[in-house]
Amino acid sequence: MIQPKNFVKTVLSWQAAHGRHQLPWQHPATPYRVLVSEIMLQQTQVATVIPYFERWMTRFPTLQSLADASEDEVMALWQGLGYYSRARNLQKAARFLVDTYNGEFPQELTDIQSIPGVGRYTAGAIKSFAYDEYGPIVDGNVRRLFCRLFGVEGVPSTSKVDKALWQLAEDYTPNQNNRRFAQGLLDLGATLCTARNPKCTECPFADHCVALHTGRVSELPTAKPKKTIPKRTGHFLWLQKDSELYLEKRPEHGIWASLWSLPELGEAPTNATLKGSFQHTFSHYKLDAKIWTLTTIPNDTVAEGKADKWAAFDDLTDIGLPAPIRKYIEQHSR
DNA sequence: TAGTCGTGGAC
DNA sequence: TGTCCAAGACT
């Protein structure tokens with residue numbers, strides 16, 4: 001098994017020669033910019049995040065500006081990126097840091113992890129990237145790299161394997177050059193030790209890799225047994241008055257939380273006409289959406305305790321809408 | 001522990 | 001076309 005000192009040295013030299021050095025959040029890597037980028041990057045590819053990060057930094061250049069913003073504007077900027085609780089938590093984080101730490105960031109790992117939306121990985125990433133200090137990280141990249149390099153067996157999401165991976169991360173993380181080291185781990189996982197078609201011939205750890213030596217590269221990390229996702233039907237109301245559309249704000253919890261949307265109905269309406277439908281696949285279920293329209297506009301509309309509004313088609317750009325709802329509207333409004 | 005929570009890229 | 005999966009956190 002490769003020794004920590006040797007491992008660190010190899011990660012650092014490989015990162016210098018082959019790693020990514022021009023990511024927007026690297027220049028400069030302030031705590032706020034690192035926080036925003038890390039939250040955006042959760043379960044989201046780098047190429048997808050970059051334009052969102054640039055727009056975000058233009059509109060919310062500081063923690064204070066984010067703390068002062070309206071929720072609607074925050075959600076509008078996040079629209080299309082998915083996992084919308086991240087956006088709400090990010091603003092919670094800004095307000096938390098302003099209120100609790102006078103707008104500064106805490107230094108200790110445990111205090112960093114107390115920030116809303118910041119778990120163990122993100123806390124370690126902030127320590128490494130923003131402070132260049134000791135901060136172990138285990139994300140999908142590190143998980144893949146470690147499982148293969150050290151031959152870790154078992155499904156990574158189980159507590160036993162998860163604990164073993166974090167122990168490895170703690171043991172193999174150095175006490176200096178942490179920014180470059182953490183970036184090297186992620187770059188290795190993202191560009192060489194990939195989920196499919198890894199570039200083992202270019203890997204600096206080919207000589208030490210247990211998976212490569214035992215012919216188990218494609219078997220590690222151990223895949224989680226997958227279960228079939230259920231189908232659900234959703235009913236949505238299309239209420240149009242001239243060039244305006246009736247929208248409701250969705251609840252704080254559940255799918256598309258805090259976004260605006262075509263009103264969702266509890267069941268298929270009886271006195272309405274089917275306008276169209278679309279399919280959308282989430283991570284845990286498949287949605288069969290039915291769009292209904294009324295021939296006569298009621299005087300009192302739908303919302304009970306919900307925010308609602310009539311929005312002009314031209315104004316929809318700056319309203320946070322679910323991606324498939326936006327797509328449907330765009331395809332049926334001209 | 002197992003679900004919930006989105007969207008788009010890659011193959 | 002479907003399937004996997006991506007810098008996870010929270011409940």
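Lettering of chains follows the sequences in order, A, B, ..., and the numbering in each one begins at 1.
- Nearest-nucleotide assignment on DNA chain B puts the 5′-proximal partner with A:Tyr285, out of A:Tyr285 and A:Ala47.
- Close approach of DNA chain B to chain A, defined as any atom under 4.0 Å from a non-hydrogen atom of the protein, starts and stops at B:dT1 to B:dA10.
- As judged by a 4.0 angstrom heavy-atom cut-off over every strand, A:His253 is placed among residues making no nucleic acid contact.
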For nucleotides 7-11 of chain C, give me every protein contact, N/O to N/O, under 3.5 Å, one pair per line with atom names.
{"unit_1": "C:dA7", "atom_1": "OP2", "unit_2": "A:Asn141", "atom_2": "OD1", "d": "3.0"}
{"unit_1": "C:dA7", "atom_1": "OP2", "unit_2": "A:Asn141", "atom_2": "ND2", "d": "3.4"}
{"unit_1": "C:dA7", "atom_1": "O5'", "unit_2": "A:Asn141", "atom_2": "ND2", "d": "3.0"}
{"unit_1": "C:dA7", "atom_1": "O4'", "unit_2": "A:Asp139", "atom_2": "OD2", "d": "2.8"}
{"unit_1": "C:dA7", "atom_1": "N9", "unit_2": "A:Tyr121", "atom_2": "OH", "d": "3.4"}
{"unit_1": "C:dA7", "atom_1": "N7", "unit_2": "A:Glu38", "atom_2": "OE1", "d": "3.3"}
{"unit_1": "C:dA7", "atom_1": "N7", "unit_2": "A:Glu38", "atom_2": "OE2", "d": "2.9"}
{"unit_1": "C:dA7", "atom_1": "N6", "unit_2": "A:Trp25", "atom_2": "NE1", "d": "2.8"}
{"unit_1": "C:dA7", "atom_1": "N1", "unit_2": "A:Arg20", "atom_2": "NH2", "d": "3.2"}
{"unit_1": "C:dG8", "atom_1": "OP1", "unit_2": "A:Gly140", "atom_2": "N", "d": "3.1"}
{"unit_1": "C:dG8", "atom_1": "OP2", "unit_2": "A:Gln43", "atom_2": "N", "d": "2.9"}
{"unit_1": "C:dG8", "atom_1": "OP2", "unit_2": "A:Gln43", "atom_2": "NE2", "d": "3.2"}
{"unit_1": "C:dA9", "atom_1": "OP1", "unit_2": "A:Gly119", "atom_2": "N", "d": "2.9"}
{"unit_1": "C:dA9", "atom_1": "OP1", "unit_2": "A:Thr122", "atom_2": "N", "d": "3.1"}
{"unit_1": "C:dA9", "atom_1": "OP1", "unit_2": "A:Thr122", "atom_2": "OG1", "d": "2.8"}
{"unit_1": "C:dA9", "atom_1": "O3'", "unit_2": "A:Gly117", "atom_2": "O", "d": "3.4"}
{"unit_1": "C:dC10", "atom_1": "OP1", "unit_2": "A:Gly117", "atom_2": "N", "d": "2.6"}

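- For A:Glu252, the salt bridge (Lys or Arg N to Asp or Glu O under 4.0 Å) partners at least two apart in sequence or on another chain are A:Arg88.
- Residues passing the salt bridge (Lys or Arg N to Asp or Glu O under 4.0 Å) test with A:Arg179, sequence neighbours excluded: none.
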Residues 267-279 of chain A side chain polar contacts: donor-acceptor under 3.5 Å, at least two apart:
none

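- Between the NE2 atom of A:His280 and the C1' atom of C:dG2 there is a distance of 15 Å, rounded to whole Å.
- The two residues A:Arg20 and A:Gln15 make their nearest non-hydrogen contact at O-NE2, 3.6 Å.
- For A:His280, the ring pair (Phe, Tyr, Trp, His ring centres under 6.0 Å) partners are A:Phe282, not counting sequence neighbours.
- The side chain of A:Lys226 places an N or O atom within less than 4.0 Å of a non-bridging phosphate oxygen (OP1 or OP2) of C:dC4.
- Using a cutoff of 4.0 Å between basic side-chain nitrogens and carboxylate oxygens, A:Lys160 and A:Asp162 are not scored as salt-bridged.
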